[in-house]
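Note sheet for the following structure.
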Amino acid sequence: MTNTAPATPASTLPTQYDPAAVEVALYQRWMQAGYFRADEQRVLSGERTPFSIVLPPPNVTGNLHVGHALDHTLMDILVRWHRMSGDEVLWLPGMDHAGIATQTVVERQLAVDGKTRHDFGRDLFVQKVWDWKHESGGAILGQMRRLGDSVDWDRERFTLDDGLSGAVQTIFKKLYDQGLIYRAKRIINWCPGCQTALSDIEVDHSDDAGELVSVRYDGDGFSIVVATTRVETMLGDTAIAVHPDDQRYAHLVGKTVTLPLVGREIPIVADDHVDPEFGTGAVKVTPAHDPNDFEIAARHDLPAIDVLTPDARITGTGTIFDGMDRFEARVAVKSALAAEGRVVAEQIPYVHSVGHCSRSDDVVEPRLSLQWFVKVGPLAEAAGDAVRDGRTRIHPPEMAARYFDWVDNMHDWTISRQLWWGHRIPVWYSPDGEMRCVGPDEQPPGEGWTQDEDVLDTWFSSALWPFSTMGWPQQTDTLRAFYPTSVLVTGYDILFFWVARMMMMGLYAMDGVQPFHVVALHGLVRDERGRKMSKSRGNVVDPLAWIDTYGADAVRFTLARGANPGADQAIAEDWVRGAKSFCSKLFNATRFALLNGAAVPDAPVDPAGCSAADRWILDRLDAVVAETTSLLADFQFAKAAEGLYHFAWDEFCDWYVELAKAPLQAGGQDADRTRAVLGTVLDALLKLLHPFVPFVTESLWTQLTGGETLVTAPWPGSTGRQPDPAAAAEVADIMRLVTEIRRFRADQGVAAGRRVPARIDAAQVAPGSARAAQSVVDQARALGRLSVADDGFAATAALPVPLSFGTVTVHIDTSVAIDVTAERARLERDLLAARKELAQTAGKLDNAAFLAKAPEKVVTGIRERHAAATSDVQRLAARLAELGGLAGGDGAPDRRGTPDGSA
RNA sequence: GGGCGCGUAGCUCAGCGGGAGAGCACCCGGCUUACACCCGGGCGGUCGGCGGUUCGAACCCGUCCGCGCCCACCA
């Protein structure tokens with residue numbers, strides 16, 4: 001009936017699970033065995049269904065933080081589940097070259113020796129970055145192994161490797177040739193610290209304290225006051241603007257004023273953009289340093305005067321401010337204006353949104369600059385349509401609104417960066433200004449031509465990741481087998497950053513085929529009080545430290561158990577400790593099973609020969625298999641984990657394993673059957689849990705079954721068996737009875753035994769008595785499982801609990817007085833609850849409208865509850881009467897408050 | 001300024017139209033032959049406030065209060 005013997009003798013098993021002892025070795029074994037490798041041919045031949053995920057590539061400079069840990073855990077759960085379900089699984093790993101971040105790391109190293117990248121020149125510097133990458137980059141890959149990510153390492157990619165660079169160049173040229181990439185002088189976000197352009201998403205806005213300064217500009221016989229937070233930029237003013245309908249200024253439109261400190265004559269123009277309600281209703285126009293002003297200037301044909309250097313110093317104004325830093329100049333210009341008596345209004349403190357570089361935190365400067373852009377209009381529209389028409393499903397669906405908000409309002413994307421580390425823009429210029437875009441298979445133009453100095457935004461190559469990693473632009477088997485990918489798992493925080501861009505590029509490059517079938521969004525990981533983690537707050541957790549202490553399984557299970565779709569989760573060390581305990585629980589349950597000779601039977605257990613407990617747990621197992629499978633299909637990781645946790649701990653360990661002890665002890669057929677059921681349930685349970693906690697389950701399952709690995713073991717399916725409600729009812733009765741016995745023992749201070757086949761002997765009942773025992777007896781009688789043999793004064797109440805494996809007898813000494821007070825208190829409380837229930841159900845059943853309109857099963861439920869409450873009230877009241885009546889007269893609690901009604 | 005979401009036990013969160021739940025914390029009792037990383041028992045909630053719909057509302061609608069997030073060219 002049983003198969004292979006356990007790999008390790010059960011008796012040698014320690015009593016505690018030690019993750020450190022197994023995790024690293026198991027991962028090694030998995031990798032060597034090649035379980036994580038994908039095979040295109042099995043998909044192309046129709047043998048298997050594909051399931052593919054491309055790992056959002058972490059930065060080459062990065063370490064595994066708790067956000068990655070969540071991301072990766074959820075992906076690994078899906079991937080392992082599908083692999084066990086018989087799909088051909090590809091989980092493709094890799095890293096991002098992370099332009100600014102990586103270049104900064106190396107520049108910082110050079111700075112130690114007082115050098116800059118310019119001391120080495122472009123080629124040598126880039127070589128140094130590669131050297132750094134080979135020596136120190138990619139620490140996160142080892143950390144992914146610790147976590148247990150079952151990625152196909154043979155396919156690891158890097159956004160800057162040859163293949164991906166070719167893909168970048170290919171798509172750049174395609175976009176360029178179709179006019180979807182262009183070069184223009186525009187106001188862009190400029191980081192004076194990094195000295196490069198930034199895209200909108202690389203700018204973080206924060207509400208900073210500023211000062212609104214009102215300055216008087218004089219014209220011929222009139223003056224006009226403007227308000228500004230950036231008084232230093234007035235040096236580059238080329239106009240004053242007012243609203244066309246503003247009667248206060250209508251007569252001034254067309255006249256000129258003299259720009260203070262500079263002396264330039266500038267016109268007053270009328271423009272709709274001006275808000276007459278704000279400030280004085282007049283605004284200074286500085287086209288080179290403000291995007292709005294740039295627009296105004298375009299409408300009125302005004303010049304743009306750039307007064308800032310790349311590192312944000314004043315330049316070219318011919319004033320004493322030239323050479324000053326922008327913030328220094330802000331003070332100096334204001335002083336100079338004040339000295340001329342031009343600062344007219346109070347200096348109003350003003351909080352406004354200021355952009356900061358997401359990398360260096362420098363205040364971003366809107367700057368007029370010649371850059372490359374992607375014309376996102378048609379691409380974004382396609383990206384929106386793919387979700388609108390269901391080619392890509394966003395989960396949970398509420399999040400789609402944010403996606404549309406983004407793709408429907410996207411600005412053209414600034415893709416050039418003034419860096420050296422990255423994909424160099426494949427455009428060449430001839431001496432007479434001609435431009436030529438060079439494809440990957442073309443030779444660069446000859447003598448005299450020079451290549452654009454800039455590199456592409458890192459996100460440009462990341463956006464191609466779902467197909468560039470599969471060999472595009474070649475039509476590879478990998479693409480044919482695994483594109484579109486099955487699902488993208490990511491935090492909602494980068495829905496716009498990355499998802500929208502991958503959608504745009506995927507649809508564009510792959511002729512309308514979307515990069516993912518589903519985008520599954522999870523929330524952010526927060527600290528135990530639900531606060532955002534931040535270095536300054538000191539509440540950032542290191543998942544690797546927790547993995548070291550509690551094991552990767554514990555960290556994974558904690559994260560999965562908190563991962564409700566799209567919702568943030570709090571995490572604390574206590575949670576992880578609890579998850580570790582769960583792993584130990586599994587370990588010990590398996591240990592128990594092995595110690596008792598449990599094994600997986602060759603043929604399914606026949607319920608016909610089973611006890612009620614056996615049939616119940618097998619039915620529950622069936623239900624849990626179905627639940628877990630459907631929850632995973634719906635990305636309900638938290639609920640799936642929670643369901644397994646409760647099944648494993650509360651049902652299997654706390655009840656079935658306890659109930660199994662008697663038949664195991666009894667030996668014979670009962671024991672054989674119980675061993676088979678234990679084996680059957682554990683086998684399936686470990687399989688179901690494997691995606692969540694791969695290490696402990698693998699370690700236990702191989703010992704239990706002697707099997708090779710869970711990684712590729714088949715996912716449990718339905719037995720197709722009809723559940724047995726009689727068995728469930730019988731076990732429910734046993735649970736109620738046992739619980740009542742335990743409660744009695746606790747109340748009466750009777751030494752407790754852990755085992756469910758409870759035994760109360762006369763000698764054990766210290767203050768026990770017949771009436772206390774009656775509580776147990778009544779419960780048993782109510783369940784129809786009691787026969788009392790009264791043998792006189794020291795009567796013995798024998799409770800034969802007819803578990804299918806035998807009868808348990810509870811002996812109760814009726815000769816000793818019980819603790820009447822405690823007993824009565826409980827009875828009163830129970831009676832009160834029963835009466836409340838009675839009144840409630842009676843009210844419902846008296847309600848004609850309810851009876852007429854409520855569904856049948858609801859009414860039946862109420863009737864049952866009413867009947868139960870009726871008998872409870874009678875029984876409890878009778879017993880209470882035996883004990884000397886009610887303490888409070890009618891059993892109502894004393895609810896008097898203070899006279900004034902306060903608590 | 002626009003959009004989304006959240007307020008349920010001390011904490012973190014499920015439940016989203018028919019008997020208020022879990023984990024942790026807390027209290028009491030137990031080294032019971034798988035497990036003290038354990039076992040048993042218990043305490044604990046006007047489900048943010050107020051209206052409405054309904055036979056019935058934590059759940060649907062309205063409104064108010066309090067939080068959070070995202071987007072936006074808020075001089």
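Letters A, B, ... are given to chains in the order of the sequence lines, protein chains preceding strands, and every chain is numbered from 1. All figures in this text were calculated on a predicted structure; none of them were measured in a lab. All values below come from the heavy atoms of this structure, side chains included, with hydrogens, waters and symmetry mates left out.
- A salt bridge links A:Arg577 and A:Asp574; the closest N-O separation between the charged side-chain nitrogens and carboxylate oxygens is under 4.0 Å.
- The distance from atom CD1 of A:Ile571 to atom CH2 of A:Trp546, rounded to the nearest 0.5 Å, is 4.5 Å.
- For A:Gln840 and B:G19, a side-chain-to-base donor-acceptor distance below 3.5 Å is absent, hydrogens and geometry of angles not being considered.
- In this structure, A:Glu837 reaches the bases: a heavy-atom distance under 4.0 Å links it to at least one base atom across the strands shown.
- Going from the P atom of B:G2 to that of B:A22 covers 42 Å, rounded to whole Å.
- Relative to the side chain of A:Leu595, the nucleotides B:A34, B:C69, B:U12 differ in distance, and B:A34 lies closest.
- Between A:Pro291 and A:Asn847, it is A:Asn847 whose nearest contact on RNA chain B lies nearer the 5' terminus.
- Here A:Ala282 lies in heavy-atom contact (under 4.0 Å) with a base.
- Comparing B:A34, B:C37, B:G18 by their nearest atom to the side chain of A:Ser581 picks out B:C37.
- Proximity note for A:Glu658 (side chain, C-beta onward) versus B:G18, B:C35, B:C38: the nearest is B:C35.
- Remark: A:Arg561 fails to qualify as a cation-pi partner of A:Phe637 under the 6.0 Å distance and 45° angle criteria applied to the six-membered ring.
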Under the criterion salt bridge (Lys or Arg N to Asp or Glu O under 4.0 Å), I'd like the reasoning laid out for A:Arg230 against A:Glu365: C-alpha separation, chi angles, the key distance, then a yes or no. CA-CA 11 Å; A:Arg230 302 203 50 201; A:Glu365 197 62 47; 2.5 Å; yes
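- B:U46 makes up no base pair with any nucleotide shown, lacking Watson-Crick or G-U wobble contacts both under 3.5 Å.
- Nucleotide B:G7 forms a pair with B:C65, judged by Watson-Crick or G-U wobble geometry with both contacts under 3.5 Å.
- The listed nucleotides are B:C37, B:C4, B:G18; the one nearest the side chain of A:Val858 is B:G18.
- Here B:U12 is the nucleotide among B:C35, B:U12, B:A72 with the atom lying nearest to any side-chain atom of A:Trp575.
- Of the listed nucleotides (B:C24, B:A72, B:G2), B:G2 has the atom at the smallest distance from the side chain of A:Asp405.
- Between A:Lys639 and B:G15 there is a side-chain polar atom (N or O) within less than 4.0 angstrom of OP1 or OP2.
- Pairing for B:C31 is absent, with no Watson-Crick or G-U wobble pair whose two atom distances lie under 3.5 Å.
- In terms of phosphate contacts, A:Asn564 brings a side-chain nitrogen or oxygen within less than 4.0 Å of OP1 or OP2 of B:A14.
- Residue whose closest nucleotide on RNA chain B sits further toward the 5' end, between A:Arg230 and A:Cys653: A:Cys653.
- Judged by atom type and distance alone, A:Gln636 does not reach the base of B:A14 through any side-chain donor-acceptor pair under 3.5 Å.
- Taking atom C1' on both B:C55 and B:C60, the two are 16 Å apart, rounded to the nearest angstrom.
- Remark: P of B:C35 and CG of A:Asp654 are 14 Å apart, rounded to the nearest angstrom.
- Nearest to the side chain of A:Asp574, among B:C37, B:A34, B:C24, sits B:C24.
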